[in-house]
**Student:** 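Okay, here's the structure, questions in a sec.
The structure displayed is predicted, hence computed values, not measured ones. We count residues from 1, following the sequence as given.
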Amino acid sequence: MLATNYRGKRRIRVDRDAPIPTIQHPQDAIIKVTRTCICGSDLHLYNGNVPDTRVGSIFGHEFVGTVADIGPDVTNIKVGDQVIVPFNIACGECIFCEQELYSSCHESNAQSTALSGIFGYSHLAGGHQGGQAEYVRVPYANVGPMVIPENMDLDDAVLLTDILPTGYQAAEMGGIQKGDTVVVFGAGPVGIMAAKCAWLFGAGRVIVIDKEEYRLDFVKKYADCEVYNFLSIEDPVKFIKQITDWVGADVCIDAVGAEAAGDALQTITGRKLLLQAGSATALEWAINSVKKGGIVSVVGVYGPTGNLVPIGNVVNKGITIRAGQASVKRLLPRLIKHVQDGIINPKELITHRIPLEEAADAYRMFSDKLDYMIKPVLIP
Ligand SMILES: NC(=O)c1ccc[n+]([C@@H]2O[C@H](COP(=O)([O-])OP(=O)(O)OC[C@H]3O[C@@H](n4cnc5c(N)ncnc54)[C@H](O)[C@@H]3O)[C@@H](O)[C@H]2O)c1
Ligand SMILES: [Zn+2]
Ligand SMILES: [Zn+2]
């Protein structure tokens, strides 16, 4: 089958003769992939920022497809069903899954007690092969996959595997109160969705900060928000205070994570020298520009080691920080309804439809923000 193959930092190859995965456990399913996306999270792997990303890995945690085969214990889906597969792999039975903390499943990642298994996301996330391929093995297939409702566009469905739930959870974790000013750092797909969803929780003002003008133009229309380019602002923290009556934002959302730009010290220590687990610039800005007693919601991804964050300001300002990988399965029923009701139109984010064979080019374009790319979908 066709499959992406990681060969080292910024090197992706597409194999034509990768072995088709087979059922290895009675609760496995094999899914024939019909749509798969590249995510900002994949860029952390691609750019060599995630430890234990092994050569030969198939990336891809955002995919939908048709059930091609099931193990004898799989009863919730059948061969031929079209399914949405959440990016987190969850057993459905451990103490964390019981609390619907599916991204914290204690069983699906033997390599770590911090994080559940994630498809195609290094051995740090369990070493599960991903869905940027023609077929993918899905463990615990009674738990994750959900049948795609009739009439739902596959382009909408594939954005329900991660991007929409993550943006929604970013807003949810912000504990937004009616009328709140919410600042979203990052106008990538996750930040765009976070800005859109902030209104659903009652925000009175939504501000998005990025450096890519084309993304700011998009989110301004898509999420009906204020946008600012930090490249033309001398001090983003001071600027946010200035436009919030010198109080600070009620809620700040970090939708950037480890690849953040904007601060030379963070970039050099976090991205070039790997002395910290990514560049924490957006997180630092979020902490410093939220009001005293405000909430910082972090969905941007960082590595497992330490980061330079202004913890003293967190304490002295009495900030609440909430963070997490999205619990996709928990959110799917309500978000499917929002899509069906036309409240959110995820597929509008898709700017590029690229054959899986051309995944190497797609990675480079997405990483380098070329050709006004917002969200690429790969078609096997
Ligand atoms: N928690 C989760 O469950 C989850 C799920 C998906 C993605 N993520 C993470 O969310 C983050 C965003 O994902 P994405 O797909 O939107 O990525 P992306 O790379 O497409 O977008 C990131 C955006 O941040 C901008 N940016 C860079 N530095 C900035 C700064 N200092 N301030 C403001 N903006 C800045 C970039 O220009 C870019 O537009 C990534 O870290 C990704 O790993 C988390
Ligand atoms: Zn993703
Ligand atoms: Zn579990």
**Student:** Would you say the rings of His61 and Phe87 are close, in the sense that their centroids are separated by under 6.0 Å?
**Tutor:** yes
**Student:** Would you say that Tyr363 contacts Gln132 through its side chain, given a criterion of any heavy-atom pair below 4.5 Å between the two side chains?
**Tutor:** yes
**Student:** Can a donor-acceptor pair be found, under 3.5 Å and without considering hydrogens, that links the side chain of Tyr46 to the backbone of Asn49?
**Tutor:** no
**Student:** Test salt bridge (Lys or Arg N to Asp or Glu O under 4.0 Å) on Asp153 and Arg35; report intermediate values, then the result.
**Tutor:** CA-CA 11 Å; Asp153 193 315; Arg35 297 276 190 291; 5.1 Å; no
**Student:** Any sub-3.5 Å donor-acceptor pair from Lys292's side-chain atoms to Asn316's backbone N or O?
**Tutor:** no
**Student:** Using the ring-ring contact (aromatic ring centres under 6.0 Å, His included) rule, collect all pairs that involve residues 289-347, keeping only residues at least two apart or in two chains.
**Tutor:** none
**Student:** Give me the atom names and distance for the closest heavy-atom approach of Val296 to Ile319.
**Tutor:** CG2-CG2, 3.9 Å
**Student:** Only pairs under 3.5 Å count here: list side-chain donor-acceptor contacts from residues 201-209, not counting sequence neighbours, and write none if there are none.
**Tutor:**
unit_1, atom_1, unit_2, atom_2, d
Arg205, NE, Glu226, OE2, 2.7
Arg205, NH1, Ile243, O, 2.7
Arg205, NH2, Glu226, OE1, 3.0
Arg205, NH2, Ile243, O, 3.4

**Student:** How far apart are the closest heavy atoms of Ala277 and Pro304, and which atoms are they?
**Tutor:** CB-N, 4.3 Å
**Student:** Closer than 3.5 angstrom, by distance alone: can the side chain of Asp15 be matched with the main-chain N or O of Ala18 as a donor-acceptor pair?
**Tutor:** no
**Student:** Can you confirm whether Ile240 sits close enough to Gln242 that some side-chain heavy atom of one is under 4.5 Å from a side-chain heavy atom of the other?
**Tutor:** no
**Student:** Any salt bridge (charged side-chain N to carboxylate O under 4.0 Å, His left out) involving residues 318-333? Give me the pairs, sequence neighbours left out, ordered by first then second residue.
**Tutor:** Glu172-Arg330
**Student:** Please output the side-chain donor-acceptor pairs of residues 174-198 that fall under 3.5 Å, not counting sequence neighbours, one pair per line with the distance.
**Tutor:**
unit_1, atom_1, unit_2, atom_2, d
Gln177, NE2, Gly175, O, 3.2
Asp180, OD2, Gln177, N, 2.8
Lys196, NZ, Tyr222, O, 3.2

**Student:** Would you indicate whether Arg364, at its atom CZ, is surrounded by more than 12 heavy atoms from other residues, nucleotides or ligands within a distance under 6.0 Å?
**Tutor:** no
**Student:** Salt bridge check, Asp217 against Arg215: does any charged N sit closer than 4.0 Å to a carboxylate O?
**Tutor:** no
**Student:** So, Tyr214 side chain and Met373 main chain: donor-acceptor pair closer than 3.5 Å or not?
**Tutor:** yes
**Student:** Counting N and O atoms only, with roles assigned by atom type, does the side chain of Ser116 sit under 3.5 Å from a partner on the main chain of Cys105, one being a donor and the other an acceptor?
**Tutor:** no
**Student:** Please list, one pair per line, the donor and acceptor atoms closer than 3.5 Å that link side chains of residues 88-100 to other protein atoms, with sequence neighbours excluded.
**Tutor:**
unit_1, atom_1, unit_2, atom_2, d
Asn88, ND2, Ala326, O, 2.7
Gln99, NE2, Ile95, O, 3.1

**Student:** Not counting sequence neighbours, list each pair that qualifies as a side chain to side chain donor-acceptor pair (under 3.5 Å) and has a residue in residues 275-284.
**Tutor:** Gln266-Gln276, Gln266-Glu284, Thr269-Gln276, Gln276-Asn307, Ser279-Thr281
**Student:** Locate the shortest heavy-atom distance separating Val328 from Pro165; write the atom from each residue and the value.
**Tutor:** CG1-CG, 3.9 Å
**Student:** Under a 4.5 Å side-chain heavy-atom rule over Ile, Leu, Val, Met, Phe, Trp and Tyr, are Ile354 and Val158 clustered together?
**Tutor:** yes
**Student:** Is the closest side-chain heavy-atom distance between Leu331 and Gln169 below 4.5 Å?
**Tutor:** yes
**Student:** Is there a donor-acceptor pair closer than 3.5 Å between any side-chain N or O of Asp254 and the backbone N or O of Gly257?
**Tutor:** yes
**Student:** Any heavy-atom pair between the side chains of Thr320 and Val314 that's under 4.5 Å?
**Tutor:** no
**Student:** Find out whether Ile84 and Ile336 are in side-chain contact, i.e. whether some heavy atom of one side chain is under 4.5 Å from a heavy atom of the other.
**Tutor:** yes
**Student:** Provide the closest heavy-atom pair for Leu164 versus Pro346 in the form atom of the first, atom of the second, distance.
**Tutor:** CD2-CG, 4.0 Å
**Student:** Going by atom type alone, with no hydrogens or angles, which donor-acceptor pairs under 3.5 Å involve a side-chain atom of residues 145-152 and a protein atom two or more places apart or on another chain?
**Tutor:**
none

**Student:** Taking salt bridge (charged side-chain N to carboxylate O under 4.0 Å, His left out) as the definition, give me every residue that meets it alongside Lys220, ordered by chain and number, with sequence neighbours left out.
**Tutor:** none
**Student:** Any side-chain heavy-atom pair from Phe239 and Ser232 closer than 4.5 angstrom?
**Tutor:** no
**Student:** Can a donor-acceptor pair be found between the side chains of Asn47 and Arg10 at a distance below 3.5 Å?
**Tutor:** yes
**Student:** Does this structure show an ion pair linking Lys369 with Asp210, if we count only N-O contacts that are shorter than 4.0 Å?
**Tutor:** no
**Student:** When clusters are formed by joining ILVMFWY residues with side-chain heavy atoms under 4.5 Å apart, either directly or through shared neighbours, do Ile268 and Leu283 land in the same one?
**Tutor:** no
**Student:** Walk me through it: do Leu159 and Cys37 pass the test side-chain contact (heavy atoms from CB on, under 4.5 Å)?
**Tutor:** CA-CA 8 Å; Leu159 296 183; Cys37 292; 4.0 Å; yes
**Student:** Taking only residues at least two apart or on different chains, which pairs with a member in residues 65-78 satisfy salt bridge (charged side-chain N to carboxylate O under 4.0 Å, His left out)?
**Tutor:** Lys78-Asp81
**Student:** Check whether any side-chain heavy atom of Ser122 sits under 4.5 Å from a side-chain heavy atom of Leu45, and report yes or no.
**Tutor:** yes
**Student:** Salt bridge (charged side-chain N to carboxylate O under 4.0 Å, His left out): which pairs involve residues 129-143, sequence neighbours left out?
**Tutor:** Asp28-Arg137
**Student:** Measure across Leu356 and Val14 and return the closest heavy-atom pair with its distance rounded to 0.1 Å.
**Tutor:** O-CG2, 3.5 Å
**Student:** Determine whether Ser289 and Cys252 make a side-chain contact, defined as any pair of heavy atoms from C-beta on separated by less than 4.5 Å.
**Tutor:** yes
**Student:** Using the rule that Ile, Leu, Val, Met, Phe, Trp and Tyr join whenever any side-chain heavy atoms are under 4.5 Å apart, tell me whether Val377 and Val339 fall into a single cluster.
**Tutor:** yes
**Student:** Consider side-chain contact (heavy atoms from CB on, under 4.5 Å). Of Asn229, Ile233, Leu216, which one does Lys211 pass it with?
**Tutor:** Asn229
**Student:** Does the pair Glu348/Lys375 count as a salt bridge with the N-to-O cut at 4.0 Å?
**Tutor:** no
**Student:** For a side chain to side chain donor-acceptor pair (under 3.5 Å) check, start with the C-alpha distance between Gln27 and Asn142, then their side-chain angles and the critical distance, and finish with the verdict.
**Tutor:** CA-CA 7 Å; Gln27 290 176 33; Asn142 286 321; 5.1 Å; no
**Student:** How close do Tyr121 and His44 get, counting heavy atoms only, and between which atoms?
**Tutor:** OH-CD2, 3.6 Å
**Student:** Which residues pass the side-chain contact (heavy atoms from CB on, under 4.5 Å) test with Arg54, not counting sequence neighbours?
**Tutor:** Asp52, Ser57, His123
**Student:** Please list, chain by chain and in numerical order, all residues satisfying side chain to side chain donor-acceptor pair (under 3.5 Å) with Asp263, sequence neighbours excluded.
**Tutor:** none
